[in-house]
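Encoded as C-alpha cells, the structure appears first; notes follow it.
Source: prediction; values computed, not measured.
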Amino acid sequence: MMNQQSKTTEKAVTTAEKATTVEALIEMAKKAQEQYADFSQNQVDAIVKNVSEKLTIAAESLAELAHTETGFGNVADKTTKNLFASEGVYHQLKDEKTVGIIHKDDVNQVVEYAIPMGVVAALVPMTNPTSTVIFKSLIALKTRNAIVFSPHPHAVKAISETARLVNEAAVQAGAPDGLIQVIEKPSLEGTQTLMKHIDTALILATGGGQMVKAAYSSGNPAIGVGPGNGPALIDDSADVDAAIQKIIKSKTFDYGTICASEQSIITLATVKAAVKEALIENNAYLLSKAESDQLATILLRENGMMNPQIVGQSAYHVAQLAGITVPQETSVLVAESDEVSQTNPYSREKLTPVLGLFTVSDWSQGIAKCNAILRNEGAGHTAALHTKRLDHAEEFGEKIVASRLLVNTPSTFGGIGASTGLAPSLTLGCGAIGGSSISDNVEVKHLLNIKRLAYHVTDI
C-alpha cells in the first residue's frame, strides 16, 4: 500500500513539475511579447528578415538532424521543405503590413489596425518538424506574437534546435529574448497545460486527430488541421504522361510525409491502360492482388490507425517490411482497389509512397469516387484533377468536398502553395467539414486581431 501511495505521489509531483515548467515558458513568452508589441513595422521586418536568412543557411543541417532523429523522409527533400519555409514563406509575407494602420476604406470610412494576439501555442508533428517550426515562427514574429512550441516526443531535438536558431536570429536583430519557447520535455500533461492556459491566445495545432480535437476542446481559440487523403482524378482529356509524372514527383517527395500529397489515383476506364503504362515508365510497381493483400496487413495498426513504421519510408523499404520483392529503384507501390472504407488502407491516408488505384466508368462516377474517398477520411483537405477541360475543372471546384482543389499540378506542391498561387503554408485548414475553424492555408492574417475605426456615414 505504501509503495502504491509513493508511486502516486511521485507521479503527482512529476506532473506538477511539468505544468510549472510550461507555465514558466508561457510567462517568459508573455513578458517578451508585451515588449515586442510596441515594435515598429521596420523593427519587425528587420527581425523577420534576419530569421529568414539565418534559417536558410541552416536548412540542410536542420534537415539532417530531423532525418536522423525521426527516420522519416530524406535529407534532400527536407532541406527543400526548410527552404520553402525560410525563403518561400518569407517572400510572401515580407511586404505585408502588420503594425498600426493596415487598411483604409475611404468610401465606407473604416480604418483597420493590426493587433498582435499574444502568446501562440504551436503543436509540431514529427513528419515535418523543422520546416513547421520555421514557418510558424516567421508568421508569429511578423505579427508581433510570441510562440511556445509543443514538440512531438520523437522530434524534440530537431524542433528544439530549430527554435533555438530562430530565437538567436531574432534577438540578434533586436527582438526581446524569449519570444520563441519550446517544451523540451514534452508530455501530454504539458501540452494540455499549454493549450488551456489563460495566457494562451491561440493554438496552432498541426498533428494527429486526437490532438487537434483536444486543441478545440481547450477553451482557447484554435486553428487545427486534420488528416489529408487527397484523391487525384485523371479524366479522358488529360495528358496522362504529364499527370503521372507530377503525381509520382509529388508522392515521392520526402517519401510522402506532406499531408497534401496524393493518396489515390482515380482514373476513367478509357485511359486506364495509359495510366498503368505511364506508372510503369515512372518506376511504379503495380502490385498483384496477392501482394496488395499482403501489403495491406502492415499499412494500418489493429486500432485502425496508420502504422508509423511505414511513414516517410521509401517504396522499396515499405515493400521489404511487407515481405514483397520489388526493384530497388521503385518509386511508388500501386494497388488496384474499389472498396472505400475505414478498413481498406488504399482508401485511407498513407504518408508513404503507396497509392490506391481506383477505376470509374465516367466523369460523374469520378466525382462521386473522389468525394467518397474524402468523406471516408480527409474531408475538407485537398484533391487534385488532371484535365484539359475547363468545364471539368469548374465542376470539380464546385462539387468536391475539399478546400484545396488543384488542377494539373503536383498535389504536394500545389497544396502548400509552392506550385500554385495559394498562400505558402505548412498548416492547411480543412474547414467545418474537416473539423477545422478555417479552410485557408494558414498565413499572417490568421495571427492578427483587427481593430476597426468606423465614422458616422448614415443617419438612421
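- No donor-acceptor contact under 3.5 angstrom links the side chains of Thr98 and Glu96, judged on distance only.
- Under the 3.5 Å distance criterion, with hydrogens and angles disregarded, no donor-acceptor pair is assigned to the side chains of Lys399 and Asn371.
- With no hydrogens or angles considered, no side-chain donor-acceptor pair links Thr427 and Asn441 at under 3.5 Å.
- Inspection of the Ser425 and Glu443 side chains reveals no N or O donor paired with an N or O acceptor under 3.5 Å.
- Counting only heavy atoms from C-beta outward, the side chains of Lys49 and Lys94 never approach each other to under 4.5 Å.
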Exercise for the section: Check the pair Phe135 / Phe84 against ring-ring contact (aromatic ring centres under 6.0 Å, His included), numbers first and verdict last. Expected result: CA-CA 9 Å; Phe135 162 68; Phe84 171 75; 8.2 Å; no
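- Closest approach of Asp254 to Lys78, counting heavy atoms only: OD2-NZ, 3.0 Å.
- Using a 3.5 Å distance cut-off with no hydrogens or angles, the side chains of Asp235 and Thr387 do pair a donor with an acceptor.
- A salt bridge between Lys157 and Glu161 is absent, with no side-chain N of the basic residue lying under 4.0 Å from a carboxylate O of the acidic one.
- With no hydrogens or angles considered, no side-chain donor-acceptor pair links Asn282 and Ser331 at under 3.5 Å.
- Side-chain contact between Ile244 and Ile234 is present, with heavy atoms from C-beta onward closer than 4.5 Å.
- In summary, Lys276 and Glu336 engage in a salt bridge, as defined by a charged side-chain N under 4.0 Å from a carboxylate O.
- For the 3.5 Å distance criterion, the side chains of Lys136 and Thr206 qualify, holding a donor opposite an acceptor.
- Checked by atom type, the side-chain pair Ser419/Lys246 shows no donor-acceptor distance below 3.5 Å.
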